[in-house]
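What follows is a single structure, written as structure tokens, with notes after it.
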2 protein chains.
Amino acid sequence: MNTSQRFAISIHALTLLAASSGPLTSEAIASSVDTNPVVIRRTMSGLRAHGLVTSKPGAHGGWRLVRPPQQIVLRDVYQILGGEDVLSIHGHPNQHCPIGGRIKGPLKNIFNEAQTELEKSLGKYTVADVLSDIRKTRS
Amino acid sequence: MNTSQRFAISIHALTLLAASSGPLTSEAIASSVDTNPVVIRRTMSGLRAHGLVTSKPGAHGGWRLVRPPQQIVLRDVYQILGGEDVLSIHGHPNQHCPIGGRIKGPLKNIFNEAQTELEKSLGKYTVADVLSDIRKTRS
DNA sequence: CATATTTGTAACCATTATAGTTACAAATAT
DNA sequence: ATATTTGTAACTATAATGGTTACAAATATG
């Protein structure tokens with residue numbers, strides 16, 4: 001997932017929805033994120049597929065949260081977006097080499113554990129936490 | 001750093017060096033990794049700049065470890081390679097929006113903490129651990 | 001000293017991922 | 001009906017990456 005901004009954009013959008021009484025259009029979200037509405041639709045459609053948000057087309061349509069923001073854990077958002085593992089194994093080490101032929105397993109174990117710790121950390125925060133942090137921030 | 005294989009390649013190369021009595025050429029390392037020698041030189045030059053390995057040009061030259069493999073912590077290798085943060089903030093949220101104008105700080109805190117946990121996990125293992133894992137692996 | 005070996009590095013290409021953009025169909029509220 | 005809004009395909013521009021070629025510089029050895 002690395003360099004992708006989708007995770008940050010998703011949290012931004014969810015936080016906006018958490019702070020809003022009614023639904024928000026892709027246009028409105030895109031304006032706050034400063035990007036194109038299509039980028040928002042693309043990003044949000046994954047969250048919708050996993051039941052975090054709903055959308056309604058047409059006049060007075062837009063996006064809204066399905067669950068209260070206290071129940072939207074950042075780890076879940078991260079996992080929905082999926083994407084590459086943060087640490088990736090190199091493609092095709094030489095199987096005829098005693099090191100190259102056996103390094104993938106050990107590496108995979110170490111990389112998986114590290115990623116699990118990263119996700120565990122994201123599991124400590126919800127969209128509600130982000131919103132309350134923002135409200136504590138002086139402008 | 002995400003999708004990049006440089007971290008995995010570096011650990012692979014360091015593990016090869018740990019298992020070798022003499023120096024190894026970029027050619028030999030590249031053969032085990034299955035890539036081009038220039039890719040190895042590029043990757044290793046960063047490790048050399050940080051004192052993990054040395055290189056010598058010319059006949060019977062090549063790469064060798066500076067420290068024993070028990071003292072090469074994977075977190076240090078990871079940090080040397082540097083690159084992007086694993087979780088990246090989106091570029092330019094709208095500063096006139098009460099959410100967009102304040103979301104960067106809270107996000108940065110959460111992302112930094114998660115990355116620290118990832119690196120802490122990598123801090124638990126050394127190149128010697130990888131080599132010993134490999135030696136336990138049945139071929 | 002001549003030669004073979006090996007790193008150092010610049011330059012370039014191909015591939016891939018991403019964000020951004022345009023365009024338009026379909027759905028919806030009024 | 002009409003205006004609004006999502007859904008989605010298609011395309012472009014940009015950037016990162018790995019791979020490759022080419023050649024200079026350094027080094028060991030006979």
Side-chain angles (χ1 to χ4, degrees), chain A residues 1-10 12-13 17 20 22-49 52-64 66 81-94, chain B residues 1-10 12-13 17 20 22-49 52-64 66 81-94:
Chain A
M1 152 153 6
N2 336 4
T3 318
S4 152
Q5 308 178 178
R6 275 172 305 192
F7 183 47
I9 290 177
S10 297
H12 187 149
L17 292 175
S20 166
L24 294 178
T25 64
S26 308
E27 174 73 35
I29 297 170
S31 156
S32 173
V33 170
D34 188 23
T35 185
N36 191 293
V38 174
V39 173
I40 299 300
R41 292 192 196 112
R42 276 205 290 247
T43 303
M44 302 292 281
S45 72
L47 305 182
R48 182 186 51 215
L52 291 195
V53 294
T54 53
S55 62
K56 202 172 56 171
H60 298 115
W63 300 88
R64 51 168 77 239
V66 169
L81 298 181
E84 311 279 340
D85 294 335
V86 286
L87 302 174
S88 55
I89 312 265
H90 51 316
H92 20 126
N94 184 342
Chain B
M1 152 150 8
N2 328 21
T3 320
S4 155
Q5 307 177 179
R6 275 173 305 191
F7 182 48
I9 290 177
S10 297
H12 186 149
L17 292 175
S20 165
L24 294 177
T25 65
S26 306
E27 174 73 36
I29 297 170
S31 156
S32 174
V33 170
D34 189 24
T35 185
N36 190 292
V38 174
V39 173
I40 300 300
R41 294 193 195 110
R42 275 206 290 246
T43 304
M44 302 292 279
S45 73
L47 305 183
R48 183 186 51 214
L52 290 193
V53 296
T54 54
S55 63
K56 201 172 55 169
H60 298 114
W63 300 87
R64 54 168 75 240
V66 169
L81 298 180
E84 310 279 341
D85 294 336
V86 287
L87 302 174
S88 55
I89 312 265
H90 51 315
H92 20 123
N94 185 341

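Residue numbers begin at 1 in each chain, while the letters A, B, ... track the order of the sequences.
One finds no side-chain N or O of Ser4(A) lying less than 4.0 angstrom from the OP1 or OP2 phosphate oxygen of dA17(C). OP1 or OP2 of dG7(D) has at least one side-chain nitrogen or oxygen of Ser55(A) nearer than 4.0 Å. One finds a side-chain N or O of Ser26(A) lying less than 4.0 angstrom from the OP1 or OP2 phosphate oxygen of dT6(D).
Atom CG of Asp85(B) is separated from atom C1' of dA16(D) by 16 Å (rounded to the nearest Å). Nucleotide dT17(D) holds its P atom 11 Å from the CG atom of Leu81(B), rounded to whole Å. Protein atom CD1 of Ile29(A) is 11 Å distant from nucleotide atom P of dG7(D), rounded to whole Å. Rounded to an integer number of Å, the gap from Arg48(A) CZ to dG7(D) C1' is 8 Å. Note: CD1 (Ile40(B)) to P (dG8(C)) measures 13 Å, nearest angstrom. Put simply, CD on Glu27(B) is 15 Å from P on dG8(C), counting in whole angstrom units. Remark: P of dA19(C) and NE2 of His12(A) are 15 Å apart, rounded to the nearest angstrom.
Of the candidates Val86(B), Ile89(B), Leu87(B), Phe7(A) forms a side chain to side chain contact (heavy atoms under 4.5 Å, CB included) with just one, namely Leu87(B).
Atom-to-atom distance recorded for His90(B):NE2 and Ser4(A):OG is 12.0 Å, nearest 0.5 angstrom. Considering OG of Ser32(A) and CD of Glu27(A), their distance stands at 12.0 Å, rounded to 0.5 Å.
Evaluation of the side chain to side chain donor-acceptor pair (under 3.5 Å) rule for Thr35(B) yields no partner, not counting sequence neighbours. For Asn94(A), the side-chain contact (heavy atoms from CB on, under 4.5 Å) partners at least two apart in sequence or on another chain are His96(A), Cys97(A), Ser31(B). For Thr54(B), the side-chain contact (heavy atoms from CB on, under 4.5 Å) test picks out Arg64(B), Val66(B), with sequence neighbours left out. With sequence neighbours excluded, the residues forming a side-chain contact (heavy atoms from CB on, under 4.5 Å) with Ala28(B) are Thr25(B), listed by chain and number. Among residues two or more places apart in sequence or in another chain, the side chain to side chain donor-acceptor pair (under 3.5 Å) test is passed with His60(A) by none.
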Without placing hydrogens or testing angles, list every side-chain donor-acceptor pair under 3.5 Å for residues 36-45 of chain B, not counting sequence neighbours.
| residue | atom | partner | partner atom | Å |
| --- | --- | --- | --- | --- |
| Asn36(B) | OD1 | Val38(B) | N | 2.9 |
| Arg41(B) | NE | Ser26(B) | OG | 3.4 |
| Thr43(B) | OG1 | Val39(B) | O | 2.8 |
| Ser45(B) | OG | Arg42(B) | O | 3.0 |

Intra- and inter-strand pairing of DNA chain C, written as dot-bracket with Watson-Crick and G-U pairs under 3.5 Å and | for the latter, reads ||||||||||||||||||||||||||||||
Would you mind building the protein contact string for nucleotides 20-30 of chain C? One character per nucleotide, 5' to 3', B for base within reach (heavy atoms under 4.0 Å), S for sugar-phosphate only, - for untouched. BBB----BBSS
